[in-house]
Amino acid sequence: QVQLVESGGGLVQPGGSLRLSCAASGSIFSISAMGWHRQAPGKQRELVAAITSGGITNYADSVKGRFTISRDNAKNTVFLQMNSLKPEDTALYYCAVMKPRGVVWDYWGQGTQVTVSS
């Protein structure tokens with residue numbers, strides 16, 4: 001069984017920073033991509049950032065220039081550095097993993113809450 005363990009969420013003031021971490025463990029042998037998604041109340045879930053095993057990254061337009069995704073392939077771990085946070089970044093953030101040849105996100109974490117408020 002594959003499990004994704006997330007950490008790093010919390011309450012931060014506008015303009016502040018948070019760093020999310022997600023480690024994949026269990027019966028997973030290879031990963032093609034890892035990513036972060038978020039969902040706020042009343043809004044659709046959206047892809048925030050993704051990174052392939054080769055290091056190719058992709059970001060939502062709303063977070064470009066503020067968020068940075070990185071990974072440690074040896075540890076099956078992905079990070080999301082979030083800077084210059086805005087109230088509209090408030091959401092439940094989910095980590096996800098895509099298997100090789102995948103076209104959908106195969107495994108999901110339970111989510112970690114990020115709240116940006118003064």
Side-chain angles (χ1 to χ4, degrees):
Q1 184 176 2
V2 174
Q3 295 182 345
L4 303 181
V5 180
E6 302 157 325
S7 63
L11 174 65
V12 65
Q13 294 183 349
S17 299
L18 284 173
R19 184 172 184 261
L20 306 183
S21 300
C22 173
S25 62
S27 57
I28 183 169
F29 303 102
S30 61
I31 295 172
S32 66
M34 300 185 75
W36 290 95
H37 306 71
R38 68 185 182 187
Q39 186 167 26
K43 297 183 179 180
Q44 295 184 358
R45 183 182 64 189
E46 65 173 339
L47 175 66
V48 176
I51 185 168
T52 70
S53 60
I56 300 174
T57 60
N58 197 359
Y59 297 92
D61 288 341
S62 60
V63 306
K64 286 182 178 178
R66 299 188 298 119
F67 291 10
T68 302
I69 189 170
S70 60
R71 84 283 185 271
D72 184 337
N73 286 348
K75 298 180 180 179
N76 288 334
T77 301
V78 65
F79 307 92
L80 185 67
Q81 179 66 46
M82 304 184 293
N83 298 326
S84 302
L85 283 162
K86 305 174 181 179
E88 51 262 44
D89 294 319
T90 296
L92 191 62
Y93 284 70
Y94 298 92
C95 175
V97 167
M98 184 179 295
K99 297 187 295 185
R101 315 297 185 190
V103 295
V104 298
W105 295 96
D106 298 288
Y107 305 106
W108 294 82
Q110 292 182 290
T112 184
Q113 179 67 38
V114 172
T115 302
V116 184
S117 177
S118 60

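Scope of the values below: all heavy atoms of this structure, side chains included, with no hydrogens, waters or symmetry mates. Being a predicted model, the structure only gives us computed values, none of them experimental.
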Which heavy atom of [X] sits nearest a heavy atom of [Y], and at what distance?
X	Y	answer
Ile31	Ala24	CD1-CB, 4.4 Å
Asn83	Ser17	OD1-OG, 2.9 Å
Ser53	Asn73	O-ND2, 2.7 Å
Pro14	Ser118	CD-N, 3.7 Å
Gly9	Leu20	N-CD2, 3.5 Å

Check against side-chain contact (heavy atoms from CB on, under 4.5 Å), Cys95 and Trp36:
CA-CA 5 Å; Cys95 175; Trp36 290 95; 3.9 Å; yes
Atom pair [atom1]/[atom2] of [X] and [Y] - distance to nearest 0.5 Å:
X	Y	atom1	atom2	result
Gln39	Glu46	CD	CD	9.5 Å
Asp89	Arg38	CG	CZ	5.0 Å
Leu4	Met34	CG	CE	6.0 Å

Linked, directly or transitively: [X] and [Y] (ILVMFWY side chains, under 4.5 Å):
X	Y	value
Ile51	Leu47	no
Tyr107	Tyr94	no
Tyr93	Met98	no
Val63	Leu92	no
Leu80	Val12	yes

Would you say Gln110 has more than 12 foreign heavy atoms packed within less than 6.0 Å of its CD?
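No, because the 6.0 Å sphere around CD of Gln110 holds 12 heavy atoms or fewer from other groups.
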Are Asp106 and Val2 close enough, and set up right, to give a side-chain contact (heavy atoms from CB on, under 4.5 Å), and what steps lead you there?
CA-CA 10 Å; Asp106 298 288; Val2 174; over 6 Å; no
Cys22/Val78 under side-chain contact (heavy atoms from CB on, under 4.5 Å): CA gap, chis, key distance, verdict
CA-CA 5 Å; Cys22 173; Val78 65; 3.7 Å; yes
With no hydrogens and no angle check, is any side-chain donor or acceptor of [X] less than 3.5 Å from a backbone partner on [Y]?
X	Y	result
Thr90	Val116	yes
Arg19	Phe79	no
Ser32	Lys99	yes

Parallel, tilted or perpendicular, as decided by the 30° and 60° cut-offs, for the rings of Trp105 and His37
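Ring orientation, 0 to 90° scale: perpendicular.
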Criterion side chain to side chain contact (heavy atoms under 4.5 Å, CB included) against Arg66, the qualifying member of Lys86, Met82, Gln81:
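Of the listed options, the one satisfying the test is Lys86.
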side-chain contact (heavy atoms from CB on, under 4.5 Å), that's the test. Do Leu85 and Phe67 meet it? Break it down for me.
CA-CA 9 Å; Leu85 283 162; Phe67 291 10; 3.8 Å; yes
